[in-house]
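Structure first, then comments.
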Amino acid sequence: MDKPLSSNTSLSGQGTAPMIDPFGRAVTYLRVSVTDRCDFRCVYCMAENMTFLPKREVLTLEELDRLCSAFIGKGVKKLRLTGGEPLVRKNIMSLIRNLSRHLETGALEELTVTTNGSQLSKLSSELYDCGIRRLNVSLDTLDADRFKAITRWGELDKVMEGIQTATDAGLKIKINMVALKGVNEHEIIPMMEWAHAHGHDMTLIETMPLGEIDGDRTDQYLPLSLVRSRIGEQFSMEDIPYKTGGPARYVEVKETGGRLGFITPMTHNFCESCNRVRITCTGQLYMCLGQDDMADLRAPLRASEGNDLLNAAIDEAIGRKPKGHDFVIDRRTRQPAVSRHMSVTGG
Ligand code: SAM
Ligand code: SF4
């Protein structure tokens, strides 16, 4: 079904109202999961024998282009493609190339991708050619055996080679590291030193209770407030107002000269400045990562070729964007607070 998009797909989606939520926040950042499939099986993200969605439920590349373009027409300035692993979707480069037309017109300021890095040695120069300048690469360890243990199916060498190819192609890399208690916590400082020495920013992420996995999440949870104070014993960190449009709060580490970000949905509420919404690979719009309320955009998308129904559904949904979320890993029931997986909503 995923034939390459023809380059004349050009739905501008212009001329509709901007998206302002009930709390006066303008929605300018869209994350789109382009697939729920992945070539890794990270322990905190998926069960090893994941059941993926039937293909007909997943938006086609044409539908994804139409949907993204409608959001750009409504004021989205930053678009991040994620997954699952976005770069393993068949013909994904034709979607990326097509979306790059919005960079050329200036309607979109940034097109970017979150990836596990497995395809970067193959795709980096094409990504650069499509106007992509920054990538988030998820990497939780520099130890090959631990990498295998965390990702189950991944190979560290391939990812490191991909990061090098991307850097050589001119792409700026940010490393995303999920902090896992007792698994990679002793690697946080060495990873930061490695990242900064190679010119990469690094962001630490707390595990979030999204979806059933094989293990117990309360065992993995490591509060970043603790990590931060440990780093502070060895390094001087200065809070900086650096913003990438995402939820990370950044410090500059004096000794390394690099930036370190903290994404702390569990210990700190970052909702007050939230400018983001997310779309799953089936076209469900989530107004908040931490809540179950969503709007189905696939039905209006498939109901007609014009965008009137789609735009009306988007407006109605943005009118319901909640003020904030309330994540908890419930120690009593050990149930995830939100039942869908990160690979469905995208990170
Ligand atoms: N496959 C790509 C990757 O790994 O970068 C993109 C999708 S992945 C779901 C996006 C990000 O979410 C990754 O940085 C991953 O480490 C993070 N992630 C996945 N499950 C998570 C969880 N339960 N808690 C916190 N972060 C999670
Ligand atoms: Fe795949 Fe990314 Fe989830 Fe790992 S975190 S299983 S690479 S989607």
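Remember, it's 1-based here, ligands and their atoms both numbered in the order they're listed.
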Practice task
Considering non-hydrogen atoms only, spot the tightest contact between A47 and R152 and give its length.
Solution key: C-NH1, 3.8 Å
Exercise for the section: Have a look at ligand 1 and work out which part of T115, if any, has a heavy atom under 4.0 Å from it: side chain, backbone, both or neither. Expected result: backbone
Practice task
Give the atoms of ligand 1, by number and element, whose distance to some non-hydrogen atom of T82 is under 4.0 Å.
Solution key: 6 (C), 7 (C)
Problem - Connected via hydrophobic side-chain network under 4.5 Å: L135 and Y128 - result: yes
Problem - Part of C42 with heavy atoms under 4.0 Å of ligand 2, whether side chain, backbone, both or neither - result: both
Practice task
Flag T207 as yes when one of its N or O atoms lies below 3.5 Å from any N or O atom of ligand 1, and as no otherwise.
Solution key: no
Practice task
Looking only at distances, please establish whether an N/O atom of ligand 1 is found under 3.5 Å from an N/O atom of E85.
Solution key: yes
Practice task
First locate atom CD of Q284, then atom CZ of R298, and finally report the distance between them rounded to the nearest 0.5 Å.
Solution key: 7.5 Å
Problem - Min side-chain heavy-atom separation E255-H196 under 4.5 Å - result: no
Handout entry: Atoms of ligand 1 close to G83 [distance to a heavy atom under 4.0 angstrom, numbered from 1]
Key = 7 (C), 9 (C)
Practice task
Check whether any side-chain heavy atom of R31 sits under 4.5 Å from a side-chain heavy atom of Y286, and report yes or no.
Solution key: no
Handout entry: ligand 1 contact by G84, heavy-atom criterion under 4.0 angstrom
Key = yes
Practice task
Could you establish whether E206 and ligand 1 come within less than 4.0 Å of each other, counting only heavy atoms on the residue side?
Solution key: yes
Exercise for the section: State if G83 counts as touching ligand 2 under the rule of any non-hydrogen atom under 4.0 Å. Expected result: no
Practice task
Have a look at N116 and tell me which of T151, V137, D39, V159 forms a side chain to side chain contact (heavy atoms under 4.5 Å, CB included) with it.
Solution key: D39
Problem - Salt bridge R302-E63, side-chain N to carboxylate O under 4.0 Å - result: yes
Practice task
Run the numbers for me: atoms of ligand 1, each under 4.0 Å from some heavy atom of C45, listed by number.
Solution key: 19 (C), 20 (N)
Completion exercise
For V178, the atoms of ligand 1 under 4.0 Å from one of its heavy atoms are 16 (O), 26 (N)
Practice task
Return yes or no for this condition: an N or O of N136 is under 3.5 Å from an N or O of ligand 1.
Solution key: no
Handout entry: Plane angle bin for W194 and H200 - parallel if under 30°, tilted between 30 and 60°, otherwise perpendicular
Key = tilted
Completion exercise
Rounded to the nearest 0.5 angstrom, the OG1-CD distance for T282 and E57 is 7.0 Å
Fill in the blank from the handout: Looking only at non-hydrogen atoms, the one of C38, C42, S138 nearest atom 3 (C) of ligand 1 is S138
